[in-house]
Amino acid sequence: MQAISKKLELHDTIAVTLRREDLLFPEISGNKWRKLKYNIQHILQEGYEGVLTFGGAHSNHIAATAYAAKAFGFKAIGVIRGDELQQTTSWSPTLQSAQQWGMTFKFLSRASFRDLKSDERYWSDRFPNYFILPEGGTSALAVKGCAEILMPEDQIFTHIVCAVGTGGTLAGLSEGAFSHQKILGFPALIGDFLREDIRNFAKKENWELIQGYTFGGYAKTSPELIRFINQFYQNHQVPLDPIYTGKMMYGLVDLLANDFFTKSANILAIHTGGLQGIPAMNERLKKKNQVTLQIHV
């Protein structure tokens with residue numbers, strides 16, 4: 001499988017290419033496939049009964065893991081943040097799809113989820129033949145997969161740009177980058193804790209987090225961001241999500257407009273997927289009487 005690359009006209013002199021990783025694998029788009037690839041191999045080789053992982057009601061990782069389990073023939077348990085979601089009437093499209101693909105759920109209160117999501121021993125004792133995968137899917141095997149996003153022909157680029165959730169994709173890009181390349185990550189979450197998380201996996205000093213484009217924090221949006229995503233779709237026929245890639249591209253366009261890069265820069269932006277969450281986001285926006293995402297996924 002190989003992602004499609006598309007040149008974008010975003011600046012008069014600086015070249016920008018968008019790598020459509022979201023088109024890599026059906027229902028496991030972008031970095032989620034990269035993160036799961038070697039974990040799936042490990043699960044199958046070691047003979048685990050299934051995988052147990054963690055996430056929220058709209059988690060791209062939950063959806064991708066559920067589909068991967070179905071596609072490769074093992075079971076999946078999703079530990080879901082929010083015990084109020086036990087009522088199926090409150091399920092998001094993400095949870096509905098994950099269940100249709102065979103995932104079973106264990107719902108925890110938000111406090112219990114926070115306390116237990118990193119307690120691997122707790123879950124291994126209760127599900128001894130299940131492979132425990134962290135929230136967001138970031139692990140050494142995930143970073144190994146994300147390093148494969150970059151190919152030999154990508155030496156032409158000076159900068160690699162990506163959205164950052166748990167940091168696994170950025171860490172993989174850092175490991176896979178060529179010596180002259182700089183990795184720029186646009187966090188979806190507010191806070192400096194990500195730097196230390198990323199340093200657990202990225203041993204090089206070739207990366208930087210670009211702050212200021214979270215639009216208030218994780219899963220937060222604004223009419224300005226939604227209008228940007230809609231206009232980007234009209235201009236380039238590329239759908240962006242409002243949690244990750246929309247904020248990344250907004251930030252990149254802003255940096256280009258404010259001369260952040262030298263004129264000799266050649267930029268590769270990574271589209272990491274996340275489009276499955278758009279219907280739920282539009283429902284939220286409608287309830288607030290705000291502009292919605294007018295894009296076709």
Side-chain angles (χ1 to χ4, degrees), residues 1-25 29-39 41 136-188 194-211 213 236 238 240 244-245 247-249 251-256 258-274:
M1 294 179 292
Q2 186 169 331
I4 296 170
S5 294
K6 179 183 178 73
K7 291 188 180 297
L8 304 176
E9 298 295 331
L10 298 180
H11 193 273
D12 291 340
T13 58
I14 297 174
V16 179
T17 300
L18 183 66
R19 175 72 47 79
R20 295 289 307 274
E21 288 278 305
D22 60 304
L23 301 178
L24 265 181
F25 194 104
S29 72
N31 63 338
K32 297 308 176 188
W33 167 248
R34 299 289 189 181
K35 287 182 174 183
L36 285 168
K37 175 183 173 182
Y38 289 108
N39 282 294
Q41 288 185 13
T138 293
S139 65
L141 290 175
V143 170
K144 178 182 177 182
C146 289
E148 295 178 351
I149 292 173
L150 297 177
M151 300 173 285
E153 55 266 35
D154 293 332
Q155 293 183 65
I156 62 171
F157 298 108
T158 59
H159 296 78
I160 314 298
V161 175
C162 70
V164 178
T166 55
T169 301
L170 186 146
L173 290 169
S174 171
E175 292 300 298
F178 297 93
S179 60
H180 65 283
Q181 293 176 330
K182 183 70 175 284
I183 315 299
L184 302 179
F186 289 81
L194 272 174
R195 296 182 191 279
E196 293 309 312
D197 290 350
I198 293 168
R199 287 194 178 101
N200 289 331
F201 297 104
K203 305 309 176 186
K204 299 179 182 178
E205 297 295 330
N206 58 352
W207 56 275
E208 178 183 353
L209 294 181
I210 305 297
Q211 305 289 353
Y213 299 101
H236 306 287
V238 176
L240 304 174
Y244 297 106
T245 56
K247 294 178 180 181
M248 174 197 74
M249 288 307 305
L252 176 57
V253 169
D254 191 56
L255 294 185
L256 287 165
N258 287 283
D259 300 322
F260 178 89
F261 300 96
T262 64
K263 292 183 179 179
S264 61
N266 189 2
I267 302 166
L268 175 65
I270 309 298
H271 191 316
T272 49

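Source: prediction; values computed, not measured. The chain is numbered in sequence order, starting from 1.
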Between the CZ atom in Phe178 and the CG atom in Leu150, the distance rounded to the nearest 0.5 Å is 7.0 Å
Cys162 and Leu173: CA distance, side-chain angles, deciding distance, side chain to side chain contact (heavy atoms under 4.5 Å, CB included) verdict:
CA-CA 9 Å; Cys162 70; Leu173 290 169; 3.8 Å; yes
With side chain to side chain contact (heavy atoms under 4.5 Å, CB included) as the criterion, how do His271 and Leu240 come out once you've worked through the C-alpha distance, each side chain's angles and the decisive distance to 0.1 Å?
CA-CA 8 Å; His271 191 316; Leu240 304 174; 4.0 Å; yes
Tell me every residue that passes salt bridge (charged side-chain N to carboxylate O under 4.0 Å, His left out) with Asp154, counting only those two or more places apart in sequence or in another chain.
Arg19
Got a second to check how far Thr17's OG1 is from Ile267's CD1, nearest 0.5 Å?
9.5 Å
Counterpart residues, side-chain hydrogen bond (donor to acceptor under 3.5 Å, both in side chains), relative to Thr166 (two or more places apart)
Lys35, Thr138
side-chain hydrogen bond (donor to acceptor under 3.5 Å, both in side chains) involving Lys144 - partner list, sequence neighbours excluded
none
Reported CG-to-OG distance for the pair Asn200 and Ser139, which is rounded to 0.5 angstrom
12.0 Å
Contact between Leu18 and Val238 at the side-chain level, heavy atoms closer than 4.5 Å - yes or no?
yes
Write out all pairs satisfying side chain to side chain donor-acceptor pair (under 3.5 Å) with one or both partners inside residues 171-180, taking only residues at least two apart or from two chains.
Ser174-Asn206
Determine, step by step, whether Val16 and Leu256 satisfy the side chain to side chain contact (heavy atoms under 4.5 Å, CB included) criterion, reporting the C-alpha distance in whole Å, the side-chain angles of both residues, the deciding distance to 0.1 Å, and the verdict.
CA-CA 10 Å; Val16 179; Leu256 287 165; 4.0 Å; yes
Which heavy atom of Gly165 sits nearest a heavy atom of Leu194, and at what distance?
O-CD2, 3.3 Å
Rounded to the nearest 0.5 Å, what separates atom CG in Leu170 from atom CD1 in Ile198?
5.0 Å
All heavy atoms of Gly136 vs all of Lys32, minimum pair found to be O-NZ, 3.5 Å
In chain order, what residues pass the side-chain contact (heavy atoms from CB on, under 4.5 Å) check against Gln41, with sequence neighbours excluded?
Lys37, Tyr38, Gln45
Are more than 12 heavy atoms from other residues, nucleotides or ligands located less than 6.0 Å from atom NZ of Lys263?
no
Residues passing the side-chain hydrogen bond (donor to acceptor under 3.5 Å, both in side chains) test with Asp12, sequence neighbours excluded, are none
Test Val164 against every option in Ile210, Leu209, Thr272 by the side-chain contact (heavy atoms from CB on, under 4.5 Å) rule and name the one that passes.
Leu209
Can you name the side-chain contact (heavy atoms from CB on, under 4.5 Å) partners of Ser264, sequence neighbours left out?
Thr262
Interatomic distance, CG@Asn266 vs CD@Gln181, rounded to 0.5 Å, equals 9.5 Å
Going by atom types only, do Asn31 and Thr169 share a side-chain donor-acceptor pair under 3.5 Å?
yes
Who passes ring-ring contact (aromatic ring centres under 6.0 Å, His included) against Tyr213, sequence neighbours left out?
Phe186
Between Gly172 and Cys146, the two heavy atoms sitting closest are CA-CB, 3.9 Å
For the student: nearest non-hydrogen atoms of Leu10 and Met249, plus distance:
CD1-CE, 3.8 Å
Under the salt bridge (charged side-chain N to carboxylate O under 4.0 Å, His left out) test, residues paired with Glu196 that sit two or more places apart:
Arg199
What pairs meet the salt bridge (Lys or Arg N to Asp or Glu O under 4.0 Å) rule with one or both residues in residues 178-188, with sequence neighbours excluded?
Lys182-Glu208
Tell me the closest heavy-atom pair linking Ala269 and Leu252, and the distance in Å.
CB-CD2, 4.2 Å
Looking only at heavy atoms, what is the nearest atom pair of Ala177 and Ile183, with distance?
CB-CD1, 3.8 Å
Within residues 144-163 or reaching into it, pairs that qualify as ring pair (Phe, Tyr, Trp, His ring centres under 6.0 Å) - sequence neighbours excluded:
His159-Phe261
Distance (rounded to the nearest 0.5 Å) between Leu255 CG and His11 NE2
11.0 Å
